[in-house]
Amino acid sequence: MRGLQRIKFALLGLLAIGLVACDAGVPQPNLAPAKAKAAQCVEPTADIRKNHMAYLNVHRDKTVIEGIRSTKHSLNECINCHVAPTREDGSAVHYTDEKKDHFCASCHTYVGVKMDCFQCHADRPEVTKQVNYQHKLSSNTYHLSAQTGQPSAQDWLLLSTPQGARQ
Amino acid sequence: MSQINAYRRKFLAALGGVAAAGLASGVIVREVKAASPDVPTRPEDQPVSNKVRWGMLIDINRLTDGGASMVEACKREHGWGNDPKASPEQQAQWMRTVKVTDKLTKHSFTLPVMCQHCEEPPCVDVCPTGASMKRADGIVQVNKHICIGCRYCMMACPYKARSFVHENLTDQRVHSPRGIGTVESCNLCVHRVDKGQLPACVEAAPQAVIFGDLNDPTSRISQAMKALGGSQIRADLSLNTGVRYLGL
């Protein structure tokens, strides 16, 4: 009886070690570019992790068919916030890169999801035309997809900071 | 003759407004584009309505380059025409210039041709998935999310306005997604119109093109068409196109 229990414990121990090892292998998406712009995503984190594709699907039909171009659930705004257009070394970040360091790819690769958003949609913010793509999530006037109207004072301040000027 | 001059004056007066708007937008620093008086802004969370029907009136006599600058502006705006693997015949072509010559008199003129945004679009009739669609405000476009790339619409279009993307693309324009296996065409710069701006080609040729709401009798385009007319290409097909021409 004692022996059996010992074996059980040993097995449990091995399982625990195995689980820890697995856990270390889970890739963490790079949240740094988004954290630099906003403290919180457009929806609560748990919700957006689980349901982002549902939000995107609803919004895409609203946009294409009804012409509603609000920024809250727009794929463009996900990309603007979460993907830095280039790496530290200046190379372009693409969804299909082998390194899998694109924000979307880092998770999708791990969970084995295949989606084709980026066959058509740009997978990084446009830097050639929008030099000052960095923006705060709350500043609506200087959002990439809301270019009409004068920029707010807050945006002017953002532009004068090194963060706004950096590319 | 004096009547024609009166017409010209009206057309010029109408165009003056566009030019003024262009100048005003130049004053504002950075890339904040001014909204056009021809395109009333709609609240961002409101769907498009069928009370509006967008249209374009192109005076080809005032297009000094036959529309080449409009085509270039379209290429820049949507990023087509330079797909790396496509042969010249395969390149996407949202808009092109067509030279027409009268066999007898040898008189020739050039006009830009793109999607004519028909009221009764044949491309929408033939689409098996509903991807080829007409928006409530009259803009005909491809919903690429449900396009299967069958290219029936390319066959059906009498204006040869649609193209097919044959290859994988990267770094598309943020506001104009294009990708392998889907059909595409002029969408009247729907992303700009939704923000109250003019289409890119209209901005490129403000001296010759008026854009606006065909359903609103007080709009500049309706006034100009009432005074000057505006002929359709292949009017015999009774498609009631949204793109109209002067000087054909």
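All chains are named by letter (A, B, ...) in the order of the sequence lines, taking the proteins before the strands, and each is independently numbered beginning at 1.
Side chain to side chain, B:Arg162 and B:Ser132 meet the donor-acceptor criterion of an N or O pair below 3.5 Å. Using modelled atom types, one finds a donor on one side chain and an acceptor on the other under 3.5 Å when comparing B:Ser219 with B:Ser222.
Checked against a 6.0 Å centroid threshold, the rings of A:Phe118 and A:His102 count as neighbours.
Pairs engaging residues 185-204 of chain B under the ring pair (Phe, Tyr, Trp, His ring centres under 6.0 Å) rule: B:His78-B:His191, B:His175-B:His191 [sequence neighbours left out]. Sorted by first and then second residue, the side-chain hydrogen bond (donor to acceptor under 3.5 Å, both in side chains) pairs involving residues 47-57 of chain B (not counting sequence neighbours) are B:Trp54-B:Asp137.
Interface residue A:His94: only side-chain heavy atoms are found under 4.5 Å from chain B.
Residue with the most contacts toward chain A among B:Gly181, B:Ala136, B:Pro47: B:Pro47 (heavy-atom pairs, distance under 4.5 Å). Counting heavy-atom pairs under 4.5 Å between each of B:Val193, B:Asn168, B:Ile180 and chain A puts B:Ile180 at the top.
Using a 4.5 Å cut-off on side-chain heavy atoms (C-beta onward), B:Asn187 and B:Met114 make no contact.
Residues of residues 140-158 of chain B lying under 4.5 angstrom from chain A, judged on non-hydrogen atoms, are B:Gln141, B:Asn143, B:His145 in numerical order.
For B:Thr182, there are no side chain to side chain donor-acceptor pair (under 3.5 Å) partners, not counting sequence neighbours.
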